[in-house]
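Okay, so here's the structure we're looking at.
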2 protein chains.
Amino acid sequence: MDTKTALLDSAEAIARQRGFNGFSYADLAAAVGIRKASIHHHFPTKAVLGQAMMERYRHAFGDALAEIKSSAHSAADRLRNYIELYRNALQGGKTICLCVALSSDRSSLDDATLAEISQFHSASLAWLENLFDDARLDGSIRNVANSKQEATQCLALVEGAQLMAHARADAEPFDTATALLLARTNA
Amino acid sequence: MDTKTALLDSAEAIARQRGFNGFSYADLAAAVGIRKASIHHHFPTKAVLGQAMMERYRHAFGDALAEIKSSAHSAADRLRNYIELYRNALQGGKTICLCVALSSDRSSLDDATLAEISQFHSASLAWLENLFDDARLDGSIRNVANSKQEATQCLALVEGAQLMAHARADAEPFDTATALLLARTNA
DNA sequence: GTCTATAGATTGATAGAC
DNA sequence: GTCTATCAATCTATAGAC
């Protein structure tokens, strides 16, 4: 594997555990097995690394959403897969979505990275809004009246549920927090 | 006002904007108007400061919840006041709940501070579970079946909604995310 | 209780050899 | 592309005068 990819992999893994301010070039160098100074050859500044990390994550997440949409049988099925995506990202409370992890470090991020976060949210909201629109047609989720509000509520719910699970280092709060939403879906 | 309180006030304000790793003793000294070294007289280490900050916040929050419970006319009224508490804490997306702000900095917090966060969550969940239990009796919130799941969902929702609003530096996502929950309450 | 002065570690980043 | 060596800045924390 090329070094640049290895750096992004390690950066993402640590950032999802400890946030953007929670990792240094020293940590990264140790994880990848090269010296600190060599990182600057691939990413001249930490801001550039942060943006590249978030951009890659956003695209990978978008691909996952597209895959879910193309393979799911109903809106309910898509919602279950969506929640499972966040559930699996937890790894028992140890890691969270990169976007959630960076959101609280807002002030130490540059504009390009903040724009990535904003795009991540917009894309997720659009995908979810489409999901709830479809749910009103196929009836696979109960009591859907306002798709935009459902989408925003759903995104806030999974992000907050991840935060709770992370704070406790235990996935249980995530499952309890999402149980009622899942209970609205039909088999 | 005594210096110790001023330090806690400033620390809380900055931490709610930038997280625990987002402020230094230098920032704090500048905000309060004393020298860095003087802070150590009141809080020997940053870990001690962090715990004191979270402990004070937890108690103040508990007092606010008690006040809401004693003055509200119904479970629905309590829920509206609860959500408004988180809404007002936002200040247009600039600040978030201290507990939300510290949750992503988990790895840089000591055990005592983590315990405070855990207690904050437990107290909030218990308060909310009691609220939804009462809602099933007075009927002021529609479709409440499982109080524990409703409580956990509600806490995750307001925390996630704050995170979204903070990431966008705009309170609008918070209002949209909480609209459907508020719509279940009766006048 | 607050100050000056400083310690020791770590931060992101640069220069230049190989 | 990776290295050694080094930079200036910042970090939390301590010692001791006032």
Side-chain angles (χ1 to χ4, degrees), chain A residues 1-56 98 101-102 104-114 116, chain B residues 1-15 17-56 101-102 104-114 116:
Chain A
M1 169 162 39
D2 70 298
T3 308
K4 196 164 187 170
T5 304
L7 284 168
L8 284 175
D9 287 348
S10 292
E12 179 184 320
I14 311 180
R16 285 173 53 185
Q17 290 176 56
R18 310 206 287 240
F20 187 71
N21 294 322
F23 76 93
S24 67
Y25 272 38
D27 296 324
L28 220 48
V32 172
I34 59 174
R35 296 296 184 164
K36 275 199 306 176
S38 307
I39 302 176
H40 290 275
H41 174 74
H42 303 279
F43 302 101
T45 68
K46 199 183 176 186
V48 170
L49 169 61
Q51 194 216 328
M53 186 173 68
M54 192 63 217
E55 186 182 11
R56 190 185 72 154
L98 185 60
L102 297 198
S104 23
D105 292 316
R106 189 173 201 291
S107 66
S108 41
L109 303 173
D110 66 321
D111 290 344
T113 309
L114 289 174
E116 289 290 341
Chain B
M1 169 162 40
D2 70 298
T3 307
K4 196 163 187 171
T5 305
L7 284 168
L8 285 174
D9 288 347
S10 292
E12 180 184 318
I14 310 180
Q17 289 177 57
R18 311 205 287 238
F20 187 71
N21 294 323
F23 75 95
S24 68
Y25 272 40
D27 296 323
L28 220 48
V32 172
I34 57 174
R35 297 294 185 164
K36 280 195 301 176
S38 308
I39 303 175
H40 290 275
H41 174 73
H42 303 281
F43 302 101
T45 68
K46 198 183 177 185
V48 170
L49 169 61
Q51 195 216 328
M53 187 173 68
M54 192 63 217
E55 186 183 11
R56 191 186 71 154
L102 296 198
S104 23
D105 294 314
R106 191 175 199 289
S107 65
S108 42
L109 302 174
D110 66 320
D111 290 344
T113 308
L114 288 174
E116 289 289 342

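Being a predicted model, the structure only gives us computed values, none of them experimental. Lettering of chains follows the sequences in order, A, B, ..., and the numbering in each one begins at 1.
- Remark: A:Thr3 in residues 2-9 of chain A come within less than 4.0 Å of DNA chain D through at least one heavy atom.
- Here the range on DNA chain D touched by chain A, meaning any atom under 4.0 Å from one of its heavy atoms, is D:dG1 to D:dA5.
- Of the residues in residues 40-55 of chain B, those with a non-hydrogen atom less than 4.0 angstrom from any atom of DNA chain C are B:His41, B:His42.
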| message | Is there a side chain to side chain contact (heavy atoms under 4.5 Å, CB included) between A:Tyr25 and A:Leu49? Walk through the geometry before answering. | response | CA-CA 10 Å; A:Tyr25 272 38; A:Leu49 169 61; 4.2 Å; yes

Show every donor-acceptor pair shorter than 3.5 Å between a side-chain atom in residues 7-14 of chain A and any protein atom, with sequence neighbours excluded, or say none if there are none.
{"unit_1": "A:Asp9", "atom_1": "OD1", "unit_2": "A:Arg56", "atom_2": "NH1", "d": "2.8"}
{"unit_1": "A:Asp9", "atom_1": "OD1", "unit_2": "A:Arg56", "atom_2": "NH2", "d": "2.9"}
{"unit_1": "A:Ser10", "atom_1": "OG", "unit_2": "A:Ala6", "atom_2": "O", "d": "3.3"}
{"unit_1": "A:Glu12", "atom_1": "OE1", "unit_2": "A:Arg56", "atom_2": "NH2", "d": "3.2"}
{"unit_1": "A:Glu12", "atom_1": "OE2", "unit_2": "A:Arg16", "atom_2": "NH1", "d": "3.2"}

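- Within residues 22-29 of chain A, the residues having any heavy atom under 4.0 Å from DNA chain C are, by residue number, A:Phe23, A:Ser24, A:Tyr25, A:Ala26.
- Identified under the side-chain hydrogen bond (donor to acceptor under 3.5 Å, both in side chains) test for residues 30-53 of chain A, with sequence neighbours left out: none.
- Separating the CD atom in A:Glu116 from the CG atom in A:Leu109 is a distance of 11.5 Å, to the nearest 0.5 Å.
- Considering CG of A:Leu28 and CD1 of A:Ile34, their distance stands at 8.0 Å, rounded to 0.5 Å.
- Atom CG in B:Leu114 sits 5.0 Å away from atom CZ in B:Arg106 (nearest 0.5 Å).
- Between the CZ atom of A:Phe20 and the OG atom of B:Ser104 there is a distance of 14.0 Å, given to the nearest 0.5 Å.
- Looking only at atom types and distance, the side chain of A:Ser108 has no donor-acceptor partner in the side chain of A:Asp105 under 3.5 Å away.
- Atom CG in B:Asn21 sits about 12 Å away from atom P in C:dG12, given to the nearest Å.
- Summarising the geometry, atom CE belonging to A:Met53 is positioned 9.5 Å from atom CZ belonging to A:Phe43; distances are rounded to the nearest 0.5 Å.
- Counted within 6.0 Å of CG on B:Asp111, heavy atoms from surrounding residues, nucleotides or ligands total 12 or fewer; the atom is thus considered open.
- A donor-acceptor pair under 3.5 Å is formed between the side chain of A:Asp27 and the backbone N or O of A:Ser24.
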